Amino acid sequence: MADWVRVCPLDEIDPEDVIRFDHAGRTYAVYRAEDGTPFATDGLCTHEQVHLADGLVLGDAIECPKHNGRFNIRTGAALRAPVCVDLRTWPARVTDGHIEIEIPT
Amino acid sequence: MVMTAEPGGTEPGGTAPGRDYALTGRDAVRARETGLANADWYRTEIPRKTLKALMQRRDGPALRDTALWFALLGLSAWGGIAFWGTWAAVPFWLVYGVLYGSACDSRWHEAGHGTAFRTDWMNDAVYQIASFMVMRNPVSWRWSHARHHTDTIIVGRDPEIACMRPPNLWRLLLAYGGILDMIHSARVLVLNAAGHLSDAEKDYIPESEWPRAIRAARVHMAIYAATLLAAIAGQSWIPLMLIGLPRIYGAWHMVMTGLIQHCGLAENVIDHRLNSRTVYMNPVSRWIYWNMNYHVEHHMFPMVPYHALPALHAALKHDLPPANTSIWDAYAEAIPAVLRQVTDPDHAVRKPLPPTARPYKEVPGHG
Ligand code: FES
């Protein structure tokens, strides 16, 4: 069952940045794009299971810290080798100044 | 960086007594069983804000360096051709050779990581050109280098181990002439172009990428064939001096800097401070090498672009063994270690850490 889960106050993540969020035994990457919009994806790179939150947000892309593979943070699409498998995305929104994401609870 | 995994190995393909460097061999299985493959490596703690600032991409430094690179290539090629047949041509070809046969490696490497430029098509363009110059398949080497970062100097996993043990000193010396590496690269190119990938290549390249790797090899082959035809038709060595041969006569700087990245240091560890070497170098070598002398730092944080590596080094220094003070100093450390490995393949240099550093991350039963 999926539910909206509060992650953190909006200003805890800079625009064009990412944090790691662990919940119910799973790990997520929660982003703010350049314009401040929040997004969420699975937290581990589909190439070798590295935490994407240690990576770098470049515009709409997250670059993995291990081999510089990239994904689109809005769609999860794999953009750059060595990643080939898309990343799962999760709905995100801002409520009362906090980022919330809709994930299995 | 990156050496084609042959210079100091006992055999192409890499099977040494006691150690099996083949990616599909005994040590590959062992690395997976013991958790050395795809392990959790030591990283120096660094505040996220500092790291984020260091990781930022810029176009400026690489645009400047690439413009200078092409300008110097053009100028030295002009001199070599203008003075062809006289001694005055020699210095021009020497410069052209290093710019082509050595600088191509660092450009290939940095653009392959996607860190040279902020603008991605620029990374791709330089990567394709440099891959051709360094005679590496632009598709397969992306994957090979990813593996080198996942499993740095893990026997049976890393396809880019330049100094295999026990070392073959003759091959290491010959590596400076660039010929062995060139023969190996040309062989791989011909095989790839003929539609054949080795078992090792199949191990680290996903199957979906195999056709692209074969196509890329065919494009490279076509350019080399055209160069050869131009040389024959014009009854001149000049086309080959410009394309292909610099990979032999200009590779010495790439080998000189590449061999000290890891040689003489540990195998089968999960702490880059034990298997990689940071070496202070003169500014010309650093420009040719695009700061890959900060090799421990690069392996720990491959997202930091080459132009920010000196700053990353300053931020991590307290946690790293002291850097070698010069290329000479690095060889003074590596050569005795490699010589000792002839009779004692398990020997490796282990450097003391400064009191400010966290202890080495050890793997029980390895190192
Ligand atoms: S682990 Fe993410 S690109 Fe390799």
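These numbers come from a predicted model, not from an experiment. Every chain is numbered from 1, with letters handed out A, B, ... down the list of sequences. Excluded from the calculations below are hydrogen atoms, water molecules and symmetry mates; all remaining heavy atoms, backbone and side chain alike, are included.
Contact detail for A:Pro65 and B:Pro302: the closest heavy-atom pair is O-CG, 3.5 Å. The two residues A:Val18 and B:Arg48 make their nearest non-hydrogen contact at CG1-NH2, 3.7 Å. The shortest non-hydrogen separation linking A:Ala81 to B:Arg142 is CB-CD, 3.9 Å.
Side-chain contact between B:Trp143 and A:His67: absent, with no pair of heavy atoms (C-beta onward) separated by less than 4.5 Å. Counting heavy atoms from C-beta on, the side chains of B:Met303 and A:Asp54 never come closer than 4.5 Å.
Here the NZ atom belonging to B:Lys52 is positioned 3.5 Å from the CG atom belonging to A:Asp17, to the nearest 0.5 angstrom. Here the NZ-NE2 distance, from A:Lys66 to B:His149, works out to 9.5 Å after rounding to the nearest 0.5 Å. Summarising the geometry, atom NE2 belonging to A:His47 is positioned 8.5 Å from atom CG belonging to B:Asn38; distances are rounded to the nearest 0.5 Å.
Using a 4.5 Å cut-off between heavy atoms, A:Ala61 does not touch chain B at all.
Around atom CZ of B:Arg212, no more than 12 heavy atoms belonging to other residues, nucleotides or ligands sit under 6.0 Å away. By the 6.0 Å contact criterion, CG on B:Asp40 is open, its count of non-hydrogen atoms from other residues, nucleotides or ligands being 12 or less.
Contacts of residues 110-129 of chain B with chain A at a heavy-atom distance below 4.5 Å involve B:Ala111, B:Gly112, B:His113, B:Gly114, B:Thr115, B:Arg118, B:Asp120, listed in sequence order.
Take B:Tyr294 and apply the ring pair (Phe, Tyr, Trp, His ring centres under 6.0 Å) test, not counting sequence neighbours, and it matches B:His313.
A salt bridge is defined here as a Lys NZ or Arg NE, NH1 or NH2 lying under 4.0 Å from an Asp or Glu carboxylate O, and A:Asp14 with B:Lys49 meets this definition.
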Problem - Trace of the side-chain contact (heavy atoms from CB on, under 4.5 Å) decision for A:Glu63 with B:Met55 - result: CA-CA 10 Å; A:Glu63 185 173 292; B:Met55 290 192 294; over 6 Å; no
